[in-house]
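The block underneath contains the structure these notes are about, expressed in structure tokens.
Reckoned from all heavy atoms, side chains included, excluding hydrogens, waters and symmetry mates.
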Amino acid sequence: MQVPLLDLKAQYQRIKGEINAAIQKVLDSQQFILGPSVKKLEEEIASYCQTHFAVGVASGTDALILSLRAAGIGIGDEVITSPFTFFATAGAIHNIGARPVFVDIKPDTFNIDPDKLCQYLETRFSNKDSVRESGRLKAIIPVHLFGQMADMRPILEVAQKYGLKVIEDAAQAIGAEYENRRAGSFGELGCFSFFPSKNLGGYGDGGMVVTNDEKLAQKVRMLRVHGSRSRYEHSVVGYNSRLDSLQAAVLRVKLRYLDEWSEKRRRNASYYNELFRQAGLTGNDSSGNSSDGPIIVPQALKGRRHTYHQYTIRVREGRRDELRKFLTEKGVGTAIYYPLPLHLQRCFRYLGYKEGDFPVAETLCKEVLSLPVYPELTPEMQEYVVDKVREFFKKG
Ligand SMILES: *Cc1c(COP(=O)(O)O)cnc(C)c1O
């Protein structure tokens, strides 16, 4: 049996008629940049994310860059984020001339650890005025990794205490919730990606910034068209970062299916959990307590709506790469998100971090393995995947 990590062809087959008609409409209009389909998508995404405004941009990376710029962050500033995320989070901070500062993550959610965030800030600033005096540290970018939101309540508290802005990297978490509120609606700005493999993926690059602040929305709107408010008048230097009409048309069709797809991802995740538990492979019981199975299945914490952009297990005792090779031979697609933490990337050597600085992120990079969890996955395919994992550990 072949079980790919993701099967976008299966998704397209089901909605082909609607998608093709939507694309045809844009072709007939010959309006390709911004335009009515982008405007409508912006309204629909704002409403979906429970925010007042949404601004379409060229990618998730640009959503981060334009958000940072709109928040007034720039050369010489510092921004805290997670070392265990897709490269673009820290890349965006670097590319606006600011400096990424990393804080370690929690092993159960893969997201930034609020206790360590507090510790970092307390150690660095003995009182809350010194953060303003130093003037450098400006913001926190919590990343909602794999479709589960970071622990926003303590993050927002500590951000307020130290006068830091919060920009959410929600690229993997559209529709995820924390205490019944949607990802992207907590910070000053929220950033989404429509990269084809994301839960809401276009047919090319695309992104969106959401916010409740009208001024910030206007700034992002200005930054995406070279910083001009009216044609040929530039008060700031911006970017060419607009969302295509074709992408917006495709995304508007897919947005109508998003909740159904997220529900199926959740169903698939709980079926995996059940199968792994029955096979005696899990190192955590349903309440998250450790026992001694060889794998740890992902935890959906109470009060959060996990959208399972990835279903990521942890493989203990250094056997991850071997298991991955075995699964590849058996036709099961897997991926390692992420094999190297950002503080150990060559391009960030100038930041001065070293191995051992963020032990949780470093350990997880050696243990994580993402399994297929896409909505069209069948129970038979999942049973096959778990059976192959069982076979691997049985043969020792
Ligand atoms: C995908 C992703 C991005 C970047 O999005 P692009 O659309 O590929 O530029 C940023 N952050 C995270 C966490 C992502 O997963």
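- Interatomic distance, Thr81 OG1 to Leu64 CG, rounded to the nearest 0.5 Å: 8.5 Å.
- The two residues Pro142 and Ile155 have their closest heavy-atom pair at CB-CD1, 4.1 Å.
- The aromatic rings of His226 and His234 lie perpendicular to each other, with more than 60° between the two planes, well past the 30° mark.
- Between Lys302 and Glu177, none of the side-chain N atoms (NZ, or NE/NH1/NH2) sits under 4.0 Å from a carboxylate O, so this pair counts as no salt bridge.
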Report, one line per pair, each donor and acceptor closer than 3.5 Å where one atom sits in a side chain of residues 199-208; sequence neighbours left out.
residue : atom : partner : partner atom : Å
Asn199  : OD1  : His309  : ND1          : 2.9
Asn199  : ND2  : Thr307  : O            : 3.1

Show your reasoning for whether ring pair (Phe, Tyr, Trp, His ring centres under 6.0 Å) applies to Tyr308 and Phe146.
-> CA-CA 6 Å; Tyr308 290 98; Phe146 303 152; 10.0 Å; no
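- Side-chain atoms of Tyr48 and Asp259, non-hydrogen and from C-beta on, do get closer than 4.5 Å to each other.
- For Tyr12, there are no ring-ring contact (aromatic ring centres under 6.0 Å, His included) partners, not counting sequence neighbours.
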Go through Glu179 and Arg153 one step at a time and tell me if the salt bridge (charged side-chain N to carboxylate O under 4.0 Å, His left out) criterion holds.
-> CA-CA 9 Å; Glu179 295 173 357; Arg153 187 192 288 271; 2.9 Å; yes
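- Note: Thr334 OG1 to Ile336 CD1 = 6.5 Å, rounded to the nearest 0.5 Å.
- Both tests do not hold together for Arg265 against Tyr311: distance to the six-membered ring centre under 6.0 Å, angle to the ring axis within 45°.
- Inspection of the Glu168 and His144 side chains reveals an N or O donor paired with an N or O acceptor under 3.5 Å.
- Side-chain contact check for Asn212 and Thr51: no donor-acceptor pair (N or O, by modelled atom type) lies under 3.5 Å.
- Ring-plane geometry between Phe102 and Phe358 is classed as perpendicular, the angle between the planes exceeding 60 degrees on a 0 to 90 degree scale with a lower cut at 30.
- Salt-bridge annotation for Lys366 and Glu362: absent, with no side-chain N of the basic residue lying under 4.0 Å from a carboxylate O of the acidic one.
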May I have the step-by-step check of side-chain contact (heavy atoms from CB on, under 4.5 Å) for Lys330 and Glu391, ending in yes or no?
-> CA-CA 11 Å; Lys330 302 294 175 191; Glu391 204 176 301; 4.0 Å; yes
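- Residues Leu364 and Lys106 come closest through the heavy atom pair CD1-O, 4.4 Å.
- Residues Gln310 and Thr312 share a closest heavy-atom pair of CB-OG1, 3.4 Å.
- Contact of the Cys365 side chain with the Pro341 side chain is registered, since non-hydrogen atoms from C-beta on lie closer than 4.5 Å.
- Judged by distance alone, the side chains of Tyr271 and Arg267 never bring a donor and an acceptor atom under 3.5 Å apart.
- Annotation: side chain of Asp357 is not in contact with side chain of Leu344 (no heavy-atom distance under 4.5 Å).
- The local environment of NZ in Lys354 is sparse, with at most 12 non-hydrogen atoms from other residues, nucleotides or ligands closer than 6.0 Å.
- Contact check on Glu43 versus Lys40 returns no salt bridge, with no Lys/Arg side-chain nitrogen under 4.0 Å from an Asp/Glu carboxylate oxygen.
- Counting heavy atoms from C-beta outward, Pro294 and Leu281 have side chains that approach closer than 4.5 Å.
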Go through the steps to decide whether Leu117 and Ile80 satisfy the test side-chain contact (heavy atoms from CB on, under 4.5 Å), and finish with yes or no.
-> CA-CA 9 Å; Leu117 179 63; Ile80 294 176; 3.9 Å; yes
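- When every heavy atom of Gly147 is checked against every heavy atom of Ala176, the shortest pair comes out as O-CB, 3.5 Å.
- Here OG of Ser82 is found 7.0 Å from CG of Asn111. Values are rounded to the nearest 0.5 Å.
- Expressed to the nearest 0.5 Å, how far CZ of Arg319 lies from CD of Glu367 amounts to 13.5 Å.
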Start with the C-alpha gap between Ser59 and Asp62, add the side-chain angles, then the distance that decides, and say whether side-chain contact (heavy atoms from CB on, under 4.5 Å) holds.
-> CA-CA 5 Å; Ser59 69; Asp62 277 7; 3.5 Å; yes
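- In this structure the side chain of Val38 never reaches within 4.5 angstrom of the side chain of Asp244, judged on heavy atoms.
- Between Tyr384 and Val3, some side-chain heavy-atom pair lies under the 4.5 Å cut-off.
- A donor-acceptor pair shorter than 3.5 Å can be found between the side chains of Arg242 and Asn240.
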Lys325/Arg320 under side-chain contact (heavy atoms from CB on, under 4.5 Å): CA gap, chis, key distance, verdict = CA-CA 9 Å; Lys325 189 163 166 280; Arg320 191 263 318 266; over 6 Å; no
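- Applying the ring-ring contact (aromatic ring centres under 6.0 Å, His included) rule to His94 yields the partners Tyr350; only residues at least two apart in sequence or on another chain are considered.
- Placement of Val55 and Leu189 within a single hydrophobic cluster is found when ILVMFWY residues are connected by side-chain heavy-atom separations under 4.5 Å, directly or transitively.
- Residue Glu329 qualifies as enclosed at atom CD: its count of foreign heavy atoms under 6.0 Å is above 12.
- When only modelled atom types and interatomic distance are considered, His343 and Glu355 share no side-chain donor-acceptor pair under 3.5 Å.
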Evaluate ring pair (Phe, Tyr, Trp, His ring centres under 6.0 Å) for Phe87 paired with Phe348, printing each intermediate quantity in order.
-> CA-CA 11 Å; Phe87 179 77; Phe348 288 136; 5.6 Å; yes
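- A search for ring-ring contact (aromatic ring centres under 6.0 Å, His included) contacts involving Tyr257 returns Trp261, not counting sequence neighbours.
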Give the C-alpha distance, both sets of side-chain angles, the deciding distance and a yes or no for side chain to side chain donor-acceptor pair (under 3.5 Å) between Asp28 and Gln24.
-> CA-CA 6 Å; Asp28 290 338; Gln24 188 61 52; 3.2 Å; yes
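- Side-chain atoms of Ile167 and Ile140, non-hydrogen and from C-beta on, never get closer than 4.5 Å to each other.
- At a threshold of 4.5 Å between non-hydrogen side-chain atoms, the residues Val220 and Leu216 do not count as touching.
- Under the rule for a side-chain contact (heavy atoms from CB on, under 4.5 Å), the partners of Glu380 that lie at least two apart in sequence or sit in another chain are Met1, Thr378.
- Of the residues listed (Arg252, Lys39, Arg256, Lys254), the one engaging Glu44 in a salt bridge (Lys or Arg N to Asp or Glu O under 4.0 Å) is Arg252, and it is the only one.
- Looking at every heavy atom in both residues, Pro372 comes nearest to Tyr272 through O-OH, 2.7 Å.
- Looking at Arg277 and Thr282, their side chains never bring a donor and an acceptor atom within 3.5 Å of each other.
- Under the side-chain contact (heavy atoms from CB on, under 4.5 Å) criterion, Ala139 pairs with Ile73, Val79, Lys165, not counting sequence neighbours.
- Here the options are Lys138, Arg99, Arg69, the test is salt bridge (Lys or Arg N to Asp or Glu O under 4.0 Å), and the partner is Asp77; only Lys138 passes.
- Ser37 contributes a side-chain N or O that, together with a main-chain N or O of Ser245, makes up a donor-acceptor pair within less than 3.5 Å.
- Distance alone, capped at 3.5 Å, is enough to place a donor-acceptor pair between the Thr328 side chain and the Arg324 backbone.
- Using modelled atom types, one finds no donor on one side chain facing an acceptor on the other under 3.5 Å when comparing Asn268 with Tyr374.
- Here the shortest heavy-atom pairing between Asp151 and Tyr178 reads OD1-OH, 2.6 Å.
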